[in-house]
Every structure is written in structure tokens, then in C-alpha cells.
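As the structure is a prediction and not an experimental result, all values here were calculated from the model. Residue numbers count from 1 along this sequence. Keep in mind that the numbers below use all heavy atoms, side chains included, and drop hydrogens, waters and symmetry copies.
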Amino acid sequence: MKVVVIGGTGLIGSKLVGKLNEHGHEAVAAAPNTGVNTLTGEGLAEVLKDASVVVDVSNSPSFEDNAVMDFFRTSTTNLLKAETEAGVTHHVALSVVGTERLQESGYFRAKQTQEELIKASGIPYSIVHATQFFEFMKGIADMSTDGDTVRLAPVKIQPIYSDDVAAAVGRTAVGTPVNGMVEVAGPDQFQLDELIRKALTAKNDPRTVITDPHAPYSGAQVKETTLLPGPDAQIAQTKLTDWLAQQQ
């Protein structure tokens, strides 16, 4: 089948395109640098011709509250309209475990808006909620940094390797639409502050991690289980220790 991957040249998108093509599908990477822009609509009608499935793994270039909301609202609206006109029969989107519990955060409000637009579109859909990627640990530290200190709450997190996310999204894309949510997570739970402390130490990053129960996560207050998946989540195989060993 023809699968169009929006955000197909990014971290997850490029892996997903490769995996789908290996399995005999026609996967097309769609992104501004391939002539497809979901914000303006440029190239959408052409790339969606004869597509059965569209997978949206794109992300906003800016995480500022208004900019990120505008990105997801505009791009998703344009994309769903073009899919309806092209006769696409399955829309898949990558989102984040805990999105509905993190609505104090502008980023997660924007992701929630994206999900609501998809549900209301009338197109059969599947939303994949993934936990944070191993590759995002520095980003988590950066958004929680003030000077030389990183303030993080001692809550639980179950991170996942990006390869395993791409595999889960691929399985979902070629399957039957679930008209709901699929959760995927890594095999092991960690305490967020301890995880980031280890990650920074491994990179010889001089910042100090301070354990602060009141520290926000992406602008939202978090409880112990806010970032964890539910009991029905698909559990990936790759352990953080194995991934870290590959990075040496």
C-alpha cells in the first residue's frame, strides 16, 4: 500500500519510511524539504494521490505556546481536508503518553487539539501514544534548566528507543484503524530526576540535577504516574542500558 509519512525526513519519520519500504510498501517521505508543507497546503494533493494511509509524525519547529498551537491546528486541519479529498482510509498520528494529563503545558494542549481534530474528522484513525524517547533526555534536561541546575520532580518515566517507536507506528499504519489510542513504552521504569542525572553524567555534562517535587515538566505539574502508560501498553524490547552502550 502507499503510505505517506508527514515529517518523513525526521528522527521517527526517516526510520518509519525505511521500515515500511523494507516490508514491501510504498512509503513516501513528505516534509517541507521534499516539497510538501502542511502549514500552507503546498504539495499535499499531489503526494496524497493514491495513498491508502497517512502517518503524521511531524512536530512544531517552535514550542512557544501560541506557535505550537498554531502549528498543530493549521497543519492537522489542512492535512485532514486533503486526505478527505484524496480518499485516504487510515490516518495515523504519533502523540505522547500522558498528553491528556499535561494540559497545563502549551505543547500538550496543542497535541490534545491535534487529537481532537483527528477524532472529529470522520477518517478512520489510530493515535499512537509513545513515552519519551531515549534520544530526548538532553531535551528534558534543557527545558528544566536554570543556570547550571536542572530541576526535576521525582516521578516515574518509562522511556523508549526511537527505533521501537517507529516499528510500533509502522505496525499500526499497516493494520486496521483502531479508532482510538495505542500506547507504547520502553521495558523499564526510572525516576525522572535520577534518569536525567545519569544521562548528564554519561555525557560529562556539568549541570547539577536538583530533585524538586514541585518542578514542572514542560510547564505542567506532574504526579508520580503522570508520564507512565496504562496497563495495556505495548512494551518494547530495547533497554536503556543497551542503547547507552551503543552510544559509546
Side-chain angles (χ1 to χ4, degrees), residues 7 10-12 39 57-75 94-115 129-162 164-165 183-229 238-248:
L11 174 65
I12 298 297
L39 286 176
V57 295
S58 63
N59 210 350
S60 175
S62 168
F63 285 12
E64 187 275 323
D65 284 5
N66 292 330
V68 73
M69 178 63 80
D70 182 63
F71 175 85
F72 281 114
R73 181 181 280 137
T74 303
S75 63
L94 178 60
S95 194
V96 189
V97 163
T99 289
E100 70 284 2
R101 300 187 289 273
L102 292 160
Q103 291 300 292
E104 288 177 271
S105 161
Y107 180 81
F108 289 101
R109 286 196 298 274
K111 290 298 288 182
Q112 187 71 22
T113 296
Q114 176 192 28
E115 294 185 24
H129 269 199
T131 52
Q132 293 294 342
F133 310 161
F134 295 162
E135 291 89 345
F136 285 177
M137 287 189 288
K138 182 182 181 295
I140 292 172
D142 291 348
M143 73 181 184
S144 306
T145 293
D146 181 14
D148 295 327
T149 61
V150 184
R151 291 188 176 274
L152 291 165
V155 298
K156 290 180 178 164
I157 189 168
Q158 198 167 330
I160 186 171
Y161 181 27
S162 60
D164 292 334
V165 176
E183 286 192 318
V184 292
D188 300 311
Q189 287 184 14
F190 301 89
Q191 195 166 294
L192 178 61
D193 53 330
E194 293 176 357
L195 174 69
I196 302 304
R197 192 175 287 119
K198 284 179 187 171
L200 294 182
T201 300
K203 293 287 188 184
N204 296 313
D205 190 312
R207 286 177 287 180
T208 302
V209 175
I210 305 292
T211 303
D212 179 355
H214 304 294
Y217 177 89
S218 189
Q221 292 297 311
V222 282
K223 298 176 182 174
E224 185 178 30
T225 59
T226 299
L227 306 177
L228 292 182
T238 310
K239 288 180 167 288
L240 177 64
T241 49
D242 296 334
W243 179 78
L244 286 171
Q246 292 172 14
Q247 306 307 302
Q248 301 305 320

In this structure, CG of L195 is separated from CD of Q132 (nearest 0.5 Å) by 10.5 Å
Shortest non-hydrogen contact from R109 toward D65:
NH2-OD2, 3.5 Å
Looking at R207 and D142, is any side-chain nitrogen of the basic one under 4.0 Å from a carboxylate oxygen of the acidic one?
yes
Consider only side-chain N and O atoms of S162 and E135, and report whether a donor and an acceptor are under 3.5 Å apart.
yes
Answer yes if the side chains of Q114 and S95 hold a donor-acceptor pair under 3.5 Å, and no otherwise.
no
Evaluate the ring planes of Y107 and F72, with Trp represented by its six-membered ring, and classify them as parallel (under 30°), tilted (30 to 60°) or perpendicular (over 60°).
perpendicular
Please determine if D205 and K138 form a salt bridge, counting it only when a charged side-chain N lies under 4.0 Å from a carboxylate O.
no
May I ask you to say whether R151 pairs ionically with D146, meaning some side-chain N is under 4.0 Å from a carboxylate O?
no
Given F133 and I12, is the side-chain contact (heavy atoms from CB on, under 4.5 Å) satisfied, shown in steps?
CA-CA 10 Å; F133 310 161; I12 298 297; 3.6 Å; yes
When you look at D188 and K239, which way does the side-chain contact (heavy atoms from CB on, under 4.5 Å) test go after all the steps?
CA-CA 7 Å; D188 300 311; K239 288 180 167 288; 3.1 Å; yes
Apply the test side-chain contact (heavy atoms from CB on, under 4.5 Å) to residues T74 and M69: give CA-CA distance (whole Å), side-chain angles for both, the deciding distance (0.1 Å), then the verdict.
CA-CA 8 Å; T74 303; M69 178 63 80; over 6 Å; no
Step by step, would you call D212 with L152 a side-chain contact (heavy atoms from CB on, under 4.5 Å)?
CA-CA 6 Å; D212 179 355; L152 291 165; over 6 Å; no
Starting from the C-alpha separation in whole Å, work towards a yes-or-no answer on side chain to side chain donor-acceptor pair (under 3.5 Å) for E104 and Y217.
CA-CA 10 Å; E104 288 177 271; Y217 177 89; over 6 Å; no
